[in-house]
Amino acid sequence: MGKKYIFINSLILFFSLLIFLLISVYTLSDLNSKNTDNMIRNYLSIAESIYDGNNMEEVANKIHSSNPDVRVTFISASDGMVLYDTSSPSSENHLDRYEIKNIGEIAYRFSSTTNIKMCYIAGYDSDSNVYIRLSIPESSITAIVNSFTYYGIAAIIILSTISFTFIYFASKKIVKPLKNEVNKLSKITNLELTYNGDDVVELSSQIESVRRLIDSNIKSIKAESAKLNYIIENMNSGIIIISGNGNIILVNSLALSILNRKKEDLENKSYVYGFVDLKITDQIQKAINEDVKFSTTYTALDKTYAINISSLYANFVMSGKKAGVAIFINDITEQKMLEKVKLDFFANASHELKSPLTSIIGYQQMISEGIINNESEIRDATLKTIKEATRMNQIIIEMLELSKLEMTPNIEKKELSIANACESVLESYEIMIKNKNLEIIKDYSDFNVLINLDDLYHLIKNLIENAIKYNVSNGKIYIIIDSDKKTLSIKDTGIGISNENKNRIFERFYRVDKAKSKELGGTGLGLAIVKHICLNNNLDISVESSINEGSIFTVKFN
Ligand code: ADP
């Protein structure tokens with residue numbers, strides 16, 4: 001508390017006590033006057049009642065004997081001279097005295113003979129033409145009151161000084177621990193708090209600055225934690241943090257959905273509630289006991305996950321010497337599937353290339369070993385060799401095309417007309433169409449699309465080629481361009497595709513009838529290329545088909 005406040009406080013105390021003292025003194029004095037007034041009036045009425053015009057001395061003695069302080073004076077009303085007095089009589093004329101002029105009224109004044117403040121009252125006896133005057137010292141209480149006042153003021157001064165000193169030292173004692181706390185806060189908060197323990201206002205303003213700092217720190221901690229939480233919740237990995245005592249202290253939503261658990265089932269529970277796989281729980285326990293890292297896989301609901309388990313030596317998770325554990329779970333189903341697709345692709349590609357190569361080697365060996373020796377057989381074997389080599393070439397061209405589409409999608413795009421692209425494809429298949437005697441029915445409501453030229457050409461080429469290849473002789477091909485729906489449909493009246501095969505025809509090297517496809521020069525890669533072009537250009541492709549009635553492939557452009 002500041003000295004100023006303690007001083008003001010002591011002043012207030014001083015004046016309060018003083019006012020109290022003054023009120024007490026006034027009340028006492030007033031009471032005293034009233035008592036004196038009553039007393040002197042009583043004596044006057046007694047004196048008047050016993051005065052018979054001649055017994056001045058008797059009256060005076062009676063009154064004086066009952067109260068020696070009362071002075072009784074008889075004054076002649078004709079000349080104002082004192083006729084009888086219980087004290088030494090004055091020779092002055094008393095007729096001008098207030099109490100003589102105002103019979104029955106009280107007068108206070110200092111006596112010229114005693115020099116004491118006296119209370120006077122007088123009565124008049126008309127029979128004897130005499131005034132009976134009584135006087136009495138104001139009272140001995142006055143002296144008490146006076147000394148009460150003096151001692152009171154002294155006591156007030158002493159009390160105020162004691163109070164000032166007490167409050168001063170007490171406040172010092174009270175604020176000392178506050179000062180220490182403020183100094184500690186100063187160190188923690190790096191704020192320049194220079195509280196010297198003298199002023200409460202200063203202390204409160206310093207506490208206010210610390211409060212504001214703490215407030216803003218709490219806000220930024222909350223913002224940081226919200227940010228961290230957002231990142232953790234939106235990561236592509238499942239995250240689980242386990243403390244050194246084996247309890248899960250953090251688990252994000254992705255980890256919960258992978259483990260198919262609710263937050264309340266895992267949070268603050270032992271890690272064994274999270275994993276049923278003994279290999280994983282063993283690895284977690286090892287990571288708690290020693291500094292290790294494990295990578296393992298976990299399969300659930302047709303999905304494969306990579307699980308990385310590692311010891312975490314951070315204060316917020318350690319329990320004594322036991323480390324916490326950080327677990328990251330990543331969905332690698334697609335990666336695994338791609339690996340499988342690649343392996344299948346290599347196996348299929350080798351197989352596809354092996355059979356024409358075996359035929360070529362076979363024919364050439366027969367010629368070189370003279371097994372085939374006449375000209376027409378050699379010609380026949382050579383033609384077959386060329387056919388197989390062409391097939392191999394076609395497979396390799398389409399494989400390269402597919403891998404090119406996978407590696408680097410064509411980015412050079414132009415506004416192209418669908419009808420123009422269809423016309424140019426039809427032109428290149430003119431002979432095949434004639435050979436099969438197919439009728440082409442065009443229903444063009446043309447529109448432009450922003451697409452790469454090669455992509456658009458290969459897309460339409462593969463669909464039209466299949467519509468020709470898998471059509472019946474004298475069949476029909478409908479080419480429908482719908483500018484409203486932004487679709488291109490290629491419909492044939494061919495052999496059709498069964499429902500179960502419909503889902504697989506877009507796979508690489510998949511053919512419904514391998515022998516027929518081979519005979520028609522198919523590679524099993526055409527629709528895989530179509531699917532890839534659609535994927536790269538964000539297009540939808542759908543197929544409807546009925547066995548022996550035909551198929552309709554529809555591409556929806558954006
Ligand atoms: P392919 O080179 O064998 O034609 P594709 O990838 O183009 O390879 O087609 C895969 C398979 O889908 C074909 O082998 C064929 O069995 C079937 N198919 C494709 N288009 C049609 C169609 N229009 N009518 C019937 N079957 C088709």
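Note: hydrogens, waters and symmetry copies are ignored here, and every other heavy atom, side chains too, is used. Predicted, not measured: the structure shown is a model, and the values here were computed from it. Both counts, for ligands and for their atoms, begin at 1 and track the order of listing.
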From the list Gln394, Met399, Arg508, side-chain contact (heavy atoms from CB on, under 4.5 Å) partner of Thr523 resolves to Gln394
Is the shortest side-chain N to carboxylate O distance from Glu507 to Arg504 below 4.0 Å?
-> yes
Under 3.5 Å: N or O atoms of ligand 1 paired with protein N or O:
from, atom 1, to, atom 2, distance (Å)
ligand 1, 2 (O), Thr523, N, 2.7
ligand 1, 2 (O), Gly524, N, 2.9
ligand 1, 3 (O), Tyr470, OH, 3.2
ligand 1, 3 (O), Ser517, OG, 2.7
ligand 1, 3 (O), Gly524, N, 3.4
ligand 1, 4 (O), Asn466, OD1, 3.3
ligand 1, 4 (O), Lys469, NZ, 3.1
ligand 1, 4 (O), Tyr470, OH, 2.8
ligand 1, 6 (O), Gly526, N, 3.3
ligand 1, 6 (O), Leu527, N, 2.8
ligand 1, 7 (O), Asn466, OD1, 3.3
ligand 1, 7 (O), Asn466, ND2, 2.9
ligand 1, 7 (O), Leu527, N, 3.4
ligand 1, 8 (O), Gly524, N, 3.3
ligand 1, 14 (O), Tyr470, OH, 3.2
ligand 1, 16 (O), Val512, N, 3.0
ligand 1, 20 (N), Asn466, ND2, 3.3
ligand 1, 23 (N), Asp492, OD2, 2.9

Phe447 six-ring face occupied by Lys486 cation (under 6.0 Å, within 45°) | yes
For Asn315, all residues meeting side-chain hydrogen bond (donor to acceptor under 3.5 Å, both in side chains), sequence neighbours excluded = none
Does a salt bridge link Lys476 with Asp492, judged by any charged N lying under 4.0 Å from a carboxylate O?
-> no
Using a strict cut-off of less than 4.0 Å between a Lys/Arg side-chain nitrogen and an Asp/Glu carboxylate oxygen, indicate whether Lys269 and Glu264 qualify as a salt bridge.
-> no
